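Please see the structure below; I have some questions.
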Amino acid sequence: MTREKPKNLWLSRWGFILAATGSAVGLGNIWKFPYITGEYGGGAFVLMYLACILAIGIPVMMTEIALGRRGRGSPIDAIARVVRENNSNPLWKSVGLMAMLAGFMILCFYVVVAGWAFAYTWKMASGALAAPSVDALAKVFETHNASPWQLGGWSVLVALLTLWIVGKGVQAGVEKAFRWMMPGLALMLIVLVGYAWTSGSFSQGFAFLFTFDASKITGEALLAALGHAFFTLSLASGAILTYGSYIPDGQSIARTTFIVAIADTCVALLAGLAIFPVIFANGMDPSAGPGLIFMSLPLAFQQMPFGTVFGVLFFAMVSVAALTSAISMIEALVAYLNEKHGISRVKAAAGSGALLLVISLLAMLSFNLGAEWKLFGFTLFDGLDYLTSRWMMPLGGICMVILAGYCLRSEIMRDELGLAPAGYALWLFMVRYVSPVLILMVFLHALGWLGFDPIAQWYWIAGAIGALALLGELLAPRVRHELALR
Ligand code: PHE
């Protein structure tokens, strides 16, 4: 069977790495990670999140990139081609559809958050953030959100910018912007951590992030950590799969994945180390919710030398990081409309953009006029976040590892991943036994159907993985076979 020819390729080896890091590093690291870590009580959450990145995020990311490159296309088309090559059920492509849908749904609330970052760049520069206390800053945040015109204006600006860049095509827009801003962002975070170090409450912030309190582990926290691992690495949302489809043959998928995952994790941990000391030094509640960084960091900027300059630069860089993520959320949909239906990129961006504007404006209203419009207790903004992170992405992830681990002929993934036998066997072990069991257990636990505590009674999980591995290898001895190959 002849393989699909790539239509679009990254210009260099760094093309994918930059774009995927651009997609991964964003508001998830700087806004969401600190605030949910605060909500779920600190170290225990961080530990669960790191475990999810290692045991689930990395194997899923490798699988997604491999599926994208093998199928060379948007998530639906790429998966459809791979399953056709394997003579499997074409219904698998619905996993691609769900991923695209998740990416789009995320974008609908993400532009609102990105709008905060843009607005705060402006507020920082204009002096509107020169407020004397956390309470005063909380007021600024509240007032900003109370006005649909302000909040909506900034969201629309972000949405239009995103659509404009995506309409122009993938390499030109994404690669260039990110090349200079990633090191800049890292540097700013290091400056902020340096400030936090001298400001007095560093050890308290550090302890909050890295000391482990087992009583804080609940089904909900586990699900949040799993969901956040998917969110922060941009998995099962079309982004990584589509970007993966532009990788030239022969580039190492494993290496690339590790670079992206490490960069992403470092940025999140740096953000936590920058923010929590400021929070404790100013007597703020770490579980203050989505406004956490907007209420705490401006205070740090006020107190440090050249704070305004740093503050403007920082929020500007967060804005760019948010844009490079936003772009990747809609790239799959635009690529799909373009390839499958021959619609030009510009028109595809405009069409999906119209829908984006409507839904994101409705999501924005969750903070003011529509604060009481709730379904199952969720506003639209919270609902979009909850549904995508907690359920759709992990569900997409489990489907992809099952497809790759159980259904595809082993040559397909082995070819694509190009790993040494031991590396391949490890990947296979993860996608066949570890990742699916863990995702399933977290789902069952969150639904209250698990019947035991997965942390205190971890041996049940280890046992389930072991039993499945034993059974799997007896019925279809692939892992052993791969190791014995050479
Ligand atoms: N990973 C991005 C972030 O951390 C968010 C994202 C999710 C991007 C899904 C693309 C797809 O901000």
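Along the sequence shown, residues carry numbers from 1. Values in this document were obtained by computation on a predicted structure and should not be read as measured data. All heavy atoms count here, side chains included; hydrogens, waters and symmetry mates do not. Both counts, for ligands and for their atoms, begin at 1 and track the order of listing.
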Practice item. On the 0 to 90° scale, with breaks at 30° and 60°, tag the Phe231-Tyr110 ring pair as parallel, tilted or perpendicular. Key: tilted
Check your understanding: Quick one: which of Leu333, Ile330, Val95 gives a side-chain contact (heavy atoms from CB on, under 4.5 Å) with Met100?
Key -> Leu333
Check your understanding: What residue pairs, at least two apart or across chains, pass ring pair (Phe, Tyr, Trp, His ring centres under 6.0 Å) with a residue in residues 53-74?
Key ->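 Pairs touching residues 53-74 that pass the test: none.
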Exercise for review: Taking the six-membered ring for Trp and the single ring otherwise, decide whether the centroids of Tyr195 and Phe310 are under 6.0 Å apart.
Suggested key: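 When the ring centroids of Tyr195 and Phe310 are compared, they turn out to be at least 6.0 Å apart.
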Exercise for review: Could you label the plane-to-plane angle of the Phe210 and Phe206 rings as parallel, tilted or perpendicular, counting under 30° as parallel and over 60° as perpendicular?
Suggested key: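 Rings of Phe210 and Phe206: tilted, 30 to 60°.
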Check your understanding: Can we call the ring centroids of Trp116 and Tyr120 under 6.0 Å apart?
Key -> no
Would you mind listing each N/O atom of ligand 1 next to any protein N/O under 3.5 Å, plus the distance?
residue	atom	partner	partner atom	Å
ligand 1	1 (N)	Ser23	O	3.2
ligand 1	1 (N)	Ala24	O	3.0
ligand 1	1 (N)	Phe231	O	2.8
ligand 1	1 (N)	Thr232	O	3.1
ligand 1	1 (N)	Ser234	OG	3.0
ligand 1	4 (O)	Ala24	O	2.8
ligand 1	4 (O)	Gly28	N	3.3
ligand 1	4 (O)	Asn29	OD1	3.3
ligand 1	12 (O)	Leu27	N	3.1
ligand 1	12 (O)	Gly28	N	2.8
ligand 1	12 (O)	Tyr110	OH	2.5

